[in-house]
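Before any comments, here is the structure.
Start at 1 and go down the list; that is how both ligands and their atoms are numbered.
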Amino acid sequence: MAGQKEEYWSKFARTYNNDQEYVVGKTILQTVTKKLSEERDLGEVIEFGCGVGYFTKAIAKNARHVTATDLSDEMLEMARIQLQEFQNITIQKANCEDTSFPSGRFDTVFMANLIHVVENPMKVFQESHQVLKNGGLLLVVNFTGYGMNWFEKMKSGIRYLRKWGMPPRYARNNLSPDELVSFVENVDFKGEEVQLLGDKTKALYLRGRKE
Ligand SMILES: C[S@@+](CC[C@H](N)C(=O)[O-])C[C@H]1O[C@@H](n2cnc3c(N)ncnc32)[C@H](O)[C@@H]1O
């Protein structure tokens, strides 16, 4: 099963950044990057599903160290090239549903555009809870169709199909702020902040805390 998922993602690696820009547009990517850049003192960070590292750079600027992980070798290979100037990023293969990182190892868990494409989000949040220190920060960014007008939604759906074809059958493309908060609160995170960012295309931005 992990092999199939890995294969699915690997074929998008080489052109991922350009394709993502085409599908969601530059504006929302800039909005999310700016908001991430405003996060301070992230400490020791683990990123799940880093892809080619699009948002990893913004995180690394305010972190002591980032361990950027993904399931796909091809994504990681591109991430290695694109993040090579950052001395405080280590790139490592890991399945976010079942990692071997020690409990309480990290100050921050970060994930972008991951939770809508994993089969079981609860497993990812349980894993996040496990690897975080008490008081640690959970930072989740996720593009969503929620709150978009139907015309923009249809246009972005067509752009998505053109670049990436049909999404996985379990994809959650319209995740709402309330759904995201209830996912994290179910595994004992305290939802500190949830925002729906963007104008034509939207992204959820959640900060949760391990108490
Ligand atoms: C939609 S892409 C997002 C990439 C990046 N975070 C971004 O926002 O540009 C989803 C990424 O999650 C990875 N992924 C999917 N399932 C995973 C899993 N179980 N463990 C680790 N990575 C996974 C894929 O390989 C892919 O790189």
* Asked: Under 6.0 Å from the CZ atom of Arg80, do we count more than 12 heavy atoms belonging to anything else shown?
  -> yes
Can you list, pair by pair, the side-chain donor-acceptor contacts under 3.5 Å of residues 46-54, counting residues two or more places apart and other chains?
| residue | atom | partner | partner atom | Å |
| --- | --- | --- | --- | --- |
| Glu47 | OE1 | Thr56 | OG1 | 2.7 |

* Asked: Using a 4.0 angstrom limit on heavy atoms, which residues are close to ligand 1?
  -> Trp9, Tyr16, Gln20, Gly49, Cys50, Gly51, Tyr54, Phe55, Asp70, Leu71, Ser72, Met75, Ala94, Asn95, Cys96, Glu97, Ala112, Asn113, Leu114
* Structure fact -> In short, side-chain hydrogen bond (donor to acceptor under 3.5 Å, both in side chains) pairs touching residues 139-151 with sequence neighbours left out are His116-Asn142
* Structure fact -> For Val181, the side-chain contact (heavy atoms from CB on, under 4.5 Å) test, sequence neighbours excluded, returns Glu185, Val194, Leu206
* Asked: Are the charged groups of Arg64 and Asp107 less than 4.0 angstrom apart, N to O?
  -> yes
* Is Glu38 paired with Lys35 through a side-chain N to carboxylate O contact shorter than 4.0 Å? -> no
